[in-house]
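Please read through the structure below; I'll follow up with questions.
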Protein chains: 2
Amino acid sequence: MISDGSDLLALRKNNTLSSLVAEKIETYIMDGRLSAGERINEAVLARELGVSRGPIREAARLLSSQGLVEFVANKGAFVRSIDRDELLEIYDLRAVLTGYACMRAAARHKDGTSILRDLHKQMSDAAENNDAAAYYTLNLQFHEHLINLAQSPRLKAMTDGLIKETHLFRQVSLQRHPDMAQSNIEHGEILAAIENGDEKRAQKLGESHVRSGKKRFEKAAVNLVSTED
Amino acid sequence: MISDGSDLLALRKNNTLSSLVAEKIETYIMDGRLSAGERINEAVLARELGVSRGPIREAARLLSSQGLVEFVANKGAFVRSIDRDELLEIYDLRAVLTGYACMRAAARHKDGTSILRDLHKQMSDAAENNDAAAYYTLNLQFHEHLINLAQSPRLKAMTDGLIKETHLFRQVSLQRHPDMAQSNIEHGEILAAIENGDEKRAQKLGESHVRSGKKRFEKAAVNLVSTED
DNA sequence: TCCTGGTTAACTGTTGACAGTTTGCGATTC
DNA sequence: GAATCGCAAACTGTCAACAGTTAACCAGGA
């Protein structure tokens with residue numbers, strides 16, 4: 001049996017234009033080059049990326065079922081935008097999934113927490129220096145690795161999807177002002193619970209950590225009643 | 001303000017060929033006309049549906065990010081197939097999400113349970129008559145309405161997605177032999193908890209109900225070690 | 001000044017054609 | 001007879017063009 005074959009096959013993966021374009025559009029959305037609600041002009045984007053409209057459309061359709069893009073008949077593809085209530089819904093779901101991830105992580109806590117420990121330390125530094133930007137990226141990484149520990153590809157896909165959708169909220173900035181010190185204390189407690197293999201406690205802490213993120217957002221967003229322009 | 005405009009717009013929704021084709025392919029997968037692992041021949045399908053290959057490809061890309069279809073470079077689109085372990089993973093996730101749904105349902109239990117009561121009754125009849133086929137469809141409906149009560153579109157989308165993936169397991173039949181009587185007793189308990197507004201209990205029961213479904217499957221599938229052909 | 005109707009430009013939805021890759025079949029060689 | 005190489009058919013990936021729809025703009029009239 002030559003098992004190298006499948007490896008090579010896996011390596012060349014998705015080298016189709018559509019996939020590359022999809023990734024491109026996704027990064028455009030993430031870094032704000034395409035902002036929430038904006039229309040995606042196929043012809044312009046095609047010229048910009050040096051491809052024809054076919055792959056653009058395929059990519060958009062792919063992103064549409066991830067919830068990042070919305071198709072309107074005869075009007076085209078739009079970057080989706082979500083309102084406050086939807087963002088709150090996402091927080092709730094993330095809370096449940098994060099709790100579950102922590103539980104699983106605690107159940108199979110054979111090492112693997114070293115990266116988290118490291119990130120936790122870095123975040124402490126960022127918190128002390130009041131470096132919100134650094135904390136923000138580290139926080140994303142922390143939560144990503146947390147999910148990885150659960151070793152459930154679908155759980156990861158779901159969580160990733162939710163976090164991506166998070167960027168479709170117009171006032172993204174409102175999500176970026178955590179009480180860093182408090183937030184990182186919670187991270188530490190979660191870590192400890194996982195390392196101790198305390199599944200129930202890990203689940204509870206993970207869930208309430210995201211919930212308190214939600215509460216922080218609600219407090220920050222208390223002024224805006226409706227995001228209508 | 002003329003608000004009829006948006007309604008009309010919502011009505012004409014997704015009347016694009018790609019969406020229709022996507023639905024078509026999905027039903028083909030669900031009813032087994034396209035079986036797990038099978039390749040989707042674009043030209044043939046296009047001729048069959050009387051459209052060109054473009055919409056077919058867009059539809060396939062859409063389904064690919066739902067996990068129903070898999071693209072391999074230069075080889076085309078394949079109906080995905082999942083193995084035993086993946087199915088177990090799906091059970092676990094569904095358990096968590098169902099539990100959460102039941103909790104939310106209990107929290108907002110203003111009526112709405114009448115349909116569930118009705119379904120519960122019908123399922124009792126099906127169980128008595130030992131009508132597994134009827135029970136199977138009723139069960140799907142029951143769980144769908146359960147999720148609806150939670151009033152969270154994303155939660156519903158996630159659960160729907162997981163249930164669809166369920167059909168990608170080759171021996172679908174292995175999932176269709178519940179202990180109908182016992183299963184429906186659990187349904188009744190869940191219903192009662194929701195109607196009493198007992199969130200915690202509803203969550204716990206919802207979760208363990210799906211878990212016991214998982215256990216039943218594991219028992220039924222104990223013979224197959226690996227689904228390798 | 002405001003509304004109405006028609007015209008035109010821009011853009012999407014779909015199609016058919018072309019180029020490159022894969023795969024299976026058959027001929028050739030050991 | 002078995003294995004290898006090469007060719008040809010089939011199919012995917014991509015592109016460019018056509019048809020239909022939308023939306024904005026301008027002119028004319030109340």
Side-chain angles (χ1 to χ4, degrees), chain A residues 1-2 4-25 28 34-35 37-65 68-80 229, chain B residues 1-25 28 34 37-65 68-80 229:
Chain A
M1 275 290 166
I2 302 167
D4 294 327
S6 66
D7 290 331
L8 282 173
L9 225 71
L11 211 156
R12 76 178 326 190
K13 224 167 73 173
N14 270 343
N15 271 352
T16 163
L17 275 189
S18 310
S19 322
L20 297 178
V21 170
E23 284 176 33
K24 207 80 178 174
I25 295 180
Y28 281 5
L34 283 172
S35 53
E38 192 175 341
R39 189 175 112 244
I40 297 176
N41 189 322
E42 297 175 2
V44 171
L45 194 58
R47 214 178 314 135
E48 212 172 297
L49 298 179
V51 300
S52 76
R53 280 174 52 218
I56 303 277
R57 286 184 63 84
E58 282 184 28
R61 269 270 149 43
L62 192 142
L63 294 177
S64 84
S65 87
L68 293 184
V69 162
E70 199 172 16
F71 268 82
V72 181
N74 292 320
K75 291 181 74 177
F78 295 78
V79 179
R80 264 199 55 208
D229 282 340
Chain B
M1 274 293 168
I2 302 164
S3 66
D4 294 328
S6 67
D7 290 329
L8 283 172
L9 225 73
L11 212 155
R12 76 179 326 191
K13 223 166 74 173
N14 270 344
N15 272 353
T16 162
L17 275 188
S18 310
S19 322
L20 297 178
V21 171
E23 284 176 34
K24 207 81 178 173
I25 295 180
Y28 280 5
L34 284 171
E38 191 175 343
R39 189 175 113 244
I40 297 175
N41 189 321
E42 298 174 1
V44 171
L45 193 58
R47 213 178 315 134
E48 213 172 297
L49 298 179
V51 299
S52 74
R53 277 175 53 220
I56 304 275
R57 286 183 63 83
E58 282 184 28
R61 270 268 147 50
L62 193 141
L63 294 176
S64 84
S65 85
L68 294 184
V69 162
E70 200 172 15
F71 269 81
V72 181
N74 293 320
K75 292 180 75 177
F78 296 78
V79 180
R80 266 200 54 209
D229 282 340

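Atoms considered below: every heavy atom in the structure, side chains included; atoms not considered: hydrogens, waters and symmetry mates. Letters go in sequence order (proteins before strands), and every chain restarts at 1.
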Review point. Roughly, in whole Å, what's the span from CZ in R47(A) to P in dT14(D)?
Key: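 Taking atom P of dT14(D) as the reference, CZ of R47(A) is at 20 Å.
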Exercise for review: Looking at every strand, decide which applies to G54(A) at a 4.0 Å heavy-atom threshold: base, sugar-phosphate, or nothing.
Suggested key: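 Here G54(A) touches no strand at all.
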Practice item. Indicate whether OP1 or OP2 belonging to dT14(D) is found under 4.0 Å from a side-chain N or O atom of T16(A). Key: yes
Point to revise | Side chains of T16(A) and R61(B) in contact at under 4.5 Å (non-hydrogen atoms) | key: yes
Review point. Between R39(A) and dT12(C), is there a side-chain N or O to OP1/OP2 distance below 4.0 Å?
Key: yes
Review point. Under 4.0 Å between a side-chain N/O of K75(B) and OP1 or OP2 of dT23(C), yes or no?
Key: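 True: K75(B) side-chain N/O within range (under 4.0 Å) of dT23(C) OP1/OP2.
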Check your understanding: Phosphate oxygens OP1/OP2 of dG13(D): is one of them under 4.0 Å from a side-chain N or O of R57(B)?
Key -> yes
Exercise for review: Could you tell me the separation between the CG atom of L34(B) and the CZ atom of F78(B), rounded to the nearest 0.5 Å?
Suggested key: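 If I round to the nearest 0.5 Å, the distance is 12.5 Å.
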Check your understanding: To the side chain of F71(A), which of dG13(D), dG13(C), dT14(D) is closest?
Key -> dG13(C)
**Study point:** N41(B), nearest nucleotide to its side chain (from dC15(D), dG13(C), dT12(D))
**Key:**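 The listed nucleotide nearest to N41(B)'s side chain is dT12(D).
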Review point. How about L20(A) and V51(A): do any of their side-chain heavy atoms sit closer than 4.5 Å?
Key: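 No; the side chains remain at least 4.5 Å from each other.
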Exercise for review: Answer with base, sugar-phosphate or nothing: what part of the nucleic acid does I40(A) contact at a heavy-atom distance below 4.0 Å?
Suggested key: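 The answer is sugar-phosphate, as I40(A) gets under 4.0 Å only of primed atoms, P, OP1 or OP2.
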Exercise for review: Find the distance E58(A):CD to dG13(D):C1' and express it as a whole number of Å.
Suggested key: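 Rounded to the whole Å, the gap is 8 Å.
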Point to revise | Nearest-Å distance for atom pair CD1/C1', residues I56(B) and dT14(D) | key: 17 Å
